[in-house]
Number of protein chains: 2
Amino acid sequence: MSANSRLTIAAHALAWIGLYQRQGHEVATSEQIATSANTNPVVIRRLLGELRRAGLVESRRGVGAGWSLARELESMTLLDVYEAVEPGPLFAMHRTTPDQECVVGHGIQPTMQRIYEGIEQTLRHELAGVTLENVLQDVLATPR
Amino acid sequence: MSANSRLTIAAHALAWIGLYQRQGHEVATSEQIATSANTNPVVIRRLLGELRRAGLVESRRGVGAGWSLARELESMTLLDVYEAVEPGPLFAMHRTTPDQECVVGHGIQPTMQRIYEGIEQTLRHELAGVTLENVLQDVLATPR
DNA sequence: CCAGTCGTAACAGTTATTGTTGCAACAGAC
DNA sequence: GTCTGTTGCAACAATAACTGTTACGACTGG
């Protein structure tokens, strides 16, 4: 599985913005978040753009521009973030259609499809059980 | 998520060998399996090689060579297959270490790590609940 | 010795992710 | 009205993983 870090970075960004706003600031810049995540501001803007499309954050342009939360961290779950930044399914089918003349080739795809759907459903349920507020609290509780 | 088809193809191969053996044959060739899965025999041999390392199948060389199950399909679960063919974790951390001077940068990795471990544990449990015999029966029950 | 199959290395094509540069668009400050 | 700092976005390179393919040595029953 060639795992990516999109969910991790997106959660990082949201926790960062949330904490920054609680410290009295209105907006956070992609530059600041990128420094914390040790990556490029464009990477952050790309991810936050997807979170904006999902209604999780808002952006302002012009001078004093930046990003702010569109709702409270308590009302955002990792499932919201996952759905915003992870398009595809967890497991893929065959890249070419298996031999439909063969009993196994014919039945394998519907069978695996059903199994995978059940697993993704469980994954979603799991992700829905963690709010970004949970994440931030856990982060703040990490011993120095 | 750049999903791959390794678990799907591996399950396909195991179901195929299992059915073929029930039809009275001793061994299946990578060529036969590849025809059913509509792929290249080397792809099958690579995957079956990993399954052999995990103790799920055996191979014979020489004339009349091929692959056979090392245990009954009833005793093999998708978790066994998953662990044999999927090395990495589901979600990745940051590719570079986040800023340890930042509260969020410092706490985010242990936090996400814990969350991801819980999710993978659930995934394993789910996969462990499906045997390859379940898969084969479901395949055979697929309407033509 | 022969034939058929595995075992494995090597390489190409494709795709996704991440990082990077560059620049237009925008909006507040002066 | 211009300046300034930021977003929005396109384009591209580097890297990595997966899949498919070719090639050929190793093995073993006949």
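The sequence lines fix the lettering, A, B, ..., with proteins before strands; numbering per chain opens at 1.
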I want to verify a distance call: between C:dT20, D:dT7, C:dC6, whose nearest atom is closest to the A:S59 side chain? D:dT7
For C:dC6, does either OP1 or OP2 sit under 4.0 Å from a side-chain N or O belonging to B:S30? yes
A:H25 has an atom NE2; how far is it from atom P of D:dT6, in whole Å? 13 Å
Between A:I9 and A:R60, which residue's closest nucleotide on DNA chain C lies nearer the 5′ terminus? A:I9
Polar side chain donor-acceptor pair, A:E86 to A:N4, under 3.5 angstrom: yes
Starting from C1' on C:dG4, measure out to CD on B:E31 and report it in whole angstrom. 11 Å
Tell me every residue that passes salt bridge (Lys or Arg N to Asp or Glu O under 4.0 Å) with A:R53, counting only those two or more places apart in sequence or in another chain. none
For atom CD1 of A:I33 and atom C1' of D:dT6, their distance in whole Å: 12 Å
Taking only side-chain nitrogens and oxygens of A:T39, does any of them come within less than 4.0 Å of OP1 or OP2 of C:dG19? yes
Who pairs with A:H125 by ring-ring contact (aromatic ring centres under 6.0 Å, His included), at least two apart in sequence or on another chain? none
Hey, are the side chains of B:R45 and B:P41 touching, using non-hydrogen atoms and a 4.5 Å cut-off? yes
When you measure from the side-chain N and O atoms of A:T29 to the phosphate of D:dT7, is any distance below 4.0 Å, counting only OP1 and OP2? no
To the nearest angstrom, the CG-C1' distance between A:N4 and D:dC18 comes to 15 Å
In whole angstrom, what separates B:E50's CD from C:dT8's C1'? 13 Å
For nucleotides 23-30 of chain D, print each protein N/O atom paired with a nucleotide N/O atom at under 3.5 Å, atom names and distance only.
unit_1, atom_1, unit_2, atom_2, d
D:dG25, N2, B:R61, NH2, 3.3
D:dA26, N3, B:R61, NH2, 3.2
D:dC27, O2, B:G62, N, 3.4
D:dT28, O2, B:V63, N, 3.2

With sequence neighbours left out, the residues meeting salt bridge (Lys or Arg N to Asp or Glu O under 4.0 Å) with B:E133 are B:R22
Taking the side chain of A:W67 as heavy atoms from C-beta outward, which of C:dT20, D:dT7, D:dT22 is closest to it? D:dT7
Rounded to the Å, how far apart are B:L48 CG and C:dG7 P? 9 Å
Enumerate the residue pairs fulfilling side-chain hydrogen bond (donor to acceptor under 3.5 Å, both in side chains) with a member in residues 61-70 of chain A, sequence neighbours excluded, ordered by first and then second residue. none
At under 4.0 Å, does any side-chain N or O of B:S5 touch on OP1 or OP2 of D:dT19? yes
side-chain contact (heavy atoms from CB on, under 4.5 Å) filter on B:H94, not counting sequence neighbours, yields A:T8, A:I9, A:H12, A:A37, B:P98, B:I108, B:Q109
Mind checking if B:R46 touches a base, just sugar-phosphate, or nothing, with heavy atoms under 4.0 Å? base
note: A:E26, atom CD; D:dT6, atom C1'; distance rounded to Å ~ 15 Å
Name the closest nucleotide to the A:N40 side chain, picking from C:dT20, D:dT21, D:dT6. C:dT20
Over how many whole Å does the gap from B:R6 atom CZ to D:dT19 atom C1' extend? 10 Å
